[in-house]
Amino acid sequence: MKVIYNDGTTGVCEDSAEKLHILRHSAAHIMAQAVKRLYPCAKFAYGPANEKGFYYDIDLGDIKLTDADLVAIEKEMKAIVKENLPIKPFILPRNEAVKLMQERGETYKVEHIADLDETEPISFYQQGDYIDMCRGPHITYTKALKAFKITGQSGAYWKNDSNNKMLTRINGTAFETQEELDNHMKMLEEAAKRDHRRIGKEMNLFMFAEEAPGFPFFLPNGMAIKNTLIDYWREIHKRDNYVEISTPLIMNRHLWETSGHWDHYKDNMYSTTIDDETYCIKPMNCPGGVMVYRSKPHSYRELPMRVGELGVVHRHELKGALHGLFRVRCFTQDDAHIFMRREQITDEIAGVVHLINEVYNKFGFKYYVELSTRPENSMGSDEDWEAATNGLIGALNKLNMPYTINEGDGAFYGPKIDFHLEDSLGRTWQCGTIQLDFQMPLNFGLEYVDEKGEKQRPIMIHRVCFGSIERFIGILTEHFAGKFPVWLAPVQAKVLLVSEKSAEYAKKVYNTLRDAKVRVELDNRNEKIGYMIREAQTVDRVPYMVIIGQKEAEEGIVSIRNRDTAQTTEMSLEEFLSKITAEIKDRV
RNA sequence: GCUGAUGUGGCGCAGUUGGUAGCGCAAUUGAUUCGUAAUCAAUAGGUCGAGGGUUCGAGUCCCUCCAUCAGCUCCA
């Protein structure tokens, strides 16, 4: 693909990712040109390419765009492409650049120039009468943009700051060929079919009600998944020498002042008044865990103490942020707090990283790791923050774990390692996190007695694997498109009755499976077998359909239809029982 | 919280310029006893998100709230 740079030279771009990025960036310009033609008052802010496509943030004054307007903009873009305008760069010294943008009423660009390096000259790209301040490079003619689509509009703050004015963001995407664009649109449709909110409704996993926005109700099927995950969690934690506790949901304000949450997290905490005193509903489990530690003296011999808690927390999230199980106001953290000595930091963090890695591999998730450093509004000394941050970096380096740094995104009490899982739409969600904390032990005066009989202050790790069990179930639902592996499936086997003549045998098969603790259901309705299979396959997504008719009853066997292969296999009931129970036990 | 959109029986949807709510699936009942992705028929089910207003008359028009969706911001 031929591209032009801001010094006017041209070149050929071979790298496919880079090509796509340039193409999309040029698409953003062409869209802006189309918007300017239709809405001369438009002022442009930022208009970059991203991994999904491109967007442009535009100030349209009081104009509100409708879907029809977006269609018109897309049509105008096609016209610009057809005109095949040459795209030409030019460079201006700073003062002339400001002047040009002022003349054209581009106040956001003027503000942008003020943010740029003062010594650098400023480059512009022009196509027809449209001029955009831009670093480039771009395609050389508008006709090189062959496949694009406007995908929607939304609001976006100028410079992504909620204190600033909200602009109109028009989103689009572009590809090198129409075929790639079509495939992309098809992929989005497929992803929408996997939406956990839709599947959760179909499979009766969970529900929401207007009376409790953001607070999920778990239905029997969803509860089966939740409990199965918890069983798994308890098993691996017990193996790794964790103990488990449970602490109160509601504790008084004084505690939250001590922990620092009152100062740093007040706006997100629900509270209530009991006997004229303010009590808070816990948004985090750590103070509870700390109180358990503090309840008696500890020897260095007890450390590290790994204390787990499946804690239900409530946080008042902004209503616009709520999103199915991905973002709720009440969720269960698979939390644990590790109390340890300074020299145990690296080993303990490494142990947690191993555990989280094991859990994610179990489900076949892709993930990446981020290190978040000290935020602006935080507590503690610089030395402690530096020591804590170096502790995390040391452990990551020791494990050769690649990571990126997220500056200033740590918790208010310490830096953290975040694990981000990718969902079916390519969005990433923070799940696991490991936070190193020197503050909470200080605030609560935690101690242990060392080998010399002297009192020392322990260091604390806060960590979760699933993060939020609710969010994790949402991600699992989309990951598997509702076709959960046998061990997780809410209904693991469904007995389907061909005709009432074999009802007695079907009941026996059902009871045998049920007695072996298989999550089994019996469909003995007067329906044709095809009808029952269709429902078990497409709605319930049951891994094994156990078909029982006269043949099976007479021969004392079962016919097993596999959800994933659609193949039917005949076998003895004992054989099926040992197969399915082994799969459940081995968690496959 | 911000920008834009949406809100009709359990679910998915239709309802033309305001005239008193319909369809498919599911449910219930009856018939059928039928072997691998939908058997036929009948029945029942809705104060059209909530509250105000305009009108002789509002699911349709106006206002205010609530919830949801796409994003922004924020976060597990």
Side-chain angles (χ1 to χ4, degrees), chain A residues 52 55 57 60 64-67 69-70 151-171 192 195 197-198 201-202 204 207-214 265 267-268 283-285 311 313 315-335 372 409 411 416 418-421 429-433 435 462-472 474-475 496-503 525-539 545 547-552 559-563 566-568:
Chain A
K52 285 180 184 170
Y55 65 83
D57 290 346
L60 286 167
K64 311 225 183 278
L65 297 180
T66 63
D67 288 352
D69 295 332
L70 295 181
T151 52
Q153 62 162 325
S154 70
Y157 299 108
W158 165 233
K159 291 182 179 174
N160 280 345
D161 185 338
S162 59
N163 296 314
N164 286 341
K165 186 175 179 180
M166 180 159 278
L167 310 169
T168 301
R169 173 171 295 181
I170 305 179
N171 295 286
D195 191 312
R197 291 167 296 189
R198 172 191 173 133
K201 213 177 261 185
E202 279 177 12
N204 294 307
M207 57 172 258
F208 286 93
E210 267 194 29
E211 291 81 351
Y265 213 76
D267 293 344
N268 272 25
M284 295 185 193
N285 302 301
V313 297
R315 298 181 183 177
H316 183 70
E317 301 297 345
L318 295 176
K319 63 179 179 175
L322 302 177
H323 183 106
L325 289 181
F326 284 170
R327 194 72 185 280
V328 290
R329 284 175 171 163
C330 166
F331 58 99
T332 314
Q333 286 183 311
D334 62 318
D335 216 341
S372 296
D409 203 39
K416 57 180 186 167
D418 291 327
F419 293 76
H420 296 261
L421 287 189
W429 296 93
Q430 188 184 321
C431 290
T433 135
Q435 305 173 355
H462 309 242
R463 46 110 284 180
V464 287
C465 302
F466 298 139
S468 142
I469 295 182
E470 286 74 7
R471 176 181 285 181
F472 201 78
I475 294 171
L496 308 181
L497 183 56
V498 176
S499 96
E500 271 172 34
K501 289 175 188 159
S502 329
R525 290 176 299 178
N526 270 342
E527 291 291 350
K528 291 197 168 176
I529 194 68
Y531 179 89
M532 290 189 270
I533 286 173
R534 184 188 161 84
E535 192 177 275
Q537 175 80 36
T538 62
V539 182
M545 284 156 252
I547 315 248
I548 300 296
Q550 248 175 312
K551 178 184 164 76
E552 288 77 11
S559 290
I560 305 301
R561 188 186 203 273
N562 184 301
R563 173 192 63 195
Q567 299 290 312
T568 306

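Values in this document were obtained by computation on a predicted structure and should not be read as measured data.
As rounded to whole Å, 13 Å separates atom C1' of B:C40 from atom OH of A:Y531. For A:K528 and B:G35, the NZ to C1' distance is 11 Å, given to the nearest whole Å. Between A:L322 atom CG and B:C74 atom C1' the separation is 11 Å, expressed in whole Å. Regarding A:L421, its CG atom lies at a distance of 18 Å from the P atom of B:C75, rounded to whole Å.
Looking at heavy-atom distances under 4.0 Å, A:E500 makes contact with a base. Counting any heavy atom pair closer than 4.0 Å across all strands shown, A:V328 reaches a base atom. Across all strands, A:R561 comes closer than 4.0 Å to base atoms (heavy-atom distances). Nucleic acid contact for A:E211: none, since no nucleic acid atom lies under 4.0 Å from a heavy atom of the residue. Residue A:E202 is classed as having no contact, given no heavy-atom separation below 4.0 Å to the nucleic acid. Note on A:V464: nothing from the nucleic acid sits closer than 4.0 angstrom, heavy atoms only. Nucleic acid contact for A:K416: sugar-phosphate only, since backbone atoms but no base atoms lie under 4.0 Å from a heavy atom of the residue. Within the nucleic acid shown, A:R563 has no heavy atom closer than 4.0 Å to any nucleic acid atom. A:I529 comes within contact range of the sugar-phosphate backbone alone, with a heavy-atom separation under 4.0 Å but no base atom that close. Across all strands shown, A:K551 has heavy atoms under 4.0 Å from base atoms, whether or not it also approaches the sugar-phosphate. Using a 4.0 Å heavy-atom criterion, one finds that A:G152 contacts no nucleic acid atom at all. Here A:A156 lies in heavy-atom contact (under 4.0 Å) with sugar-phosphate atoms only.
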Sort me out a list of protein N/O and nucleotides 4-10 of chain B N/O pairs below 3.5 Å, or just none if empty.
from	atom 1	to	atom 2	distance (Å)
B:G4	OP1	A:K64	NZ	2.3

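Residue A:F331 and nucleotide B:A76 are classified as a stacked aromatic pair, their ring centres being separated by less than 5.5 Å at an interplanar angle below 30°.
Between the side chain of A:T568 and the base of B:U36 there is at least one donor-acceptor pair of N/O atoms closer than 3.5 Å. A donor-acceptor contact under 3.5 angstrom links the side-chain atoms of A:R471 to the base of B:C75. Residue-to-nucleotide contacts include a donor-acceptor pair under 3.5 Å from the side chain of A:N526 to the base of B:U33. The base of B:G71 has none of its N or O atoms less than 3.5 Å from a complementary donor or acceptor on the side chain of A:Y157.
Each of A:P213 and A:Y265 was assigned the nucleotide of RNA chain B with the nearest heavy atom; the assignment lying further toward the 5' end belongs to A:P213. Taking for each of A:E535 and A:S559 the nucleotide of RNA chain B with the nearest heavy atom, the 5'-most of the two is the partner of A:E535.
Going from the P atom of B:G51 to that of B:G59 covers 13 Å, rounded to whole Å. For the C1' atoms, the distance from B:C13 to B:C40 is 25 Å, rounded to whole Å. For B:U60 and B:U43, the P atoms lie 30 Å apart once the distance is rounded to whole Å. For the P atom pair drawn from B:G18 and B:U55, the interatomic distance equals 16 Å after rounding to whole Å. Nucleotides B:C25 and B:A44 are separated by 16 Å at their C1' atoms, to the nearest Å. Taking atom P in both B:A21 and B:C48, the straight-line distance is 11 Å, to the nearest Å.
Using the Watson-Crick or G-U wobble rule with both distances under 3.5 Å, B:U39 pairs with B:A31. B:G7 and B:C66 make up a base pair, with Watson-Crick or G-U wobble contacts both under 3.5 Å. Under the Watson-Crick and G-U wobble criteria, each requiring two contacts below 3.5 Å, nucleotide B:C2 is paired to B:G71.
Checking side-chain atoms of A:D334 against main-chain N and O of A:F466 turns up a donor-acceptor pair under 3.5 Å.
The existence of a salt bridge linking A:R197 and A:D195 is confirmed by a sub-4.0 Å separation between a basic side-chain nitrogen and an acidic carboxylate oxygen.
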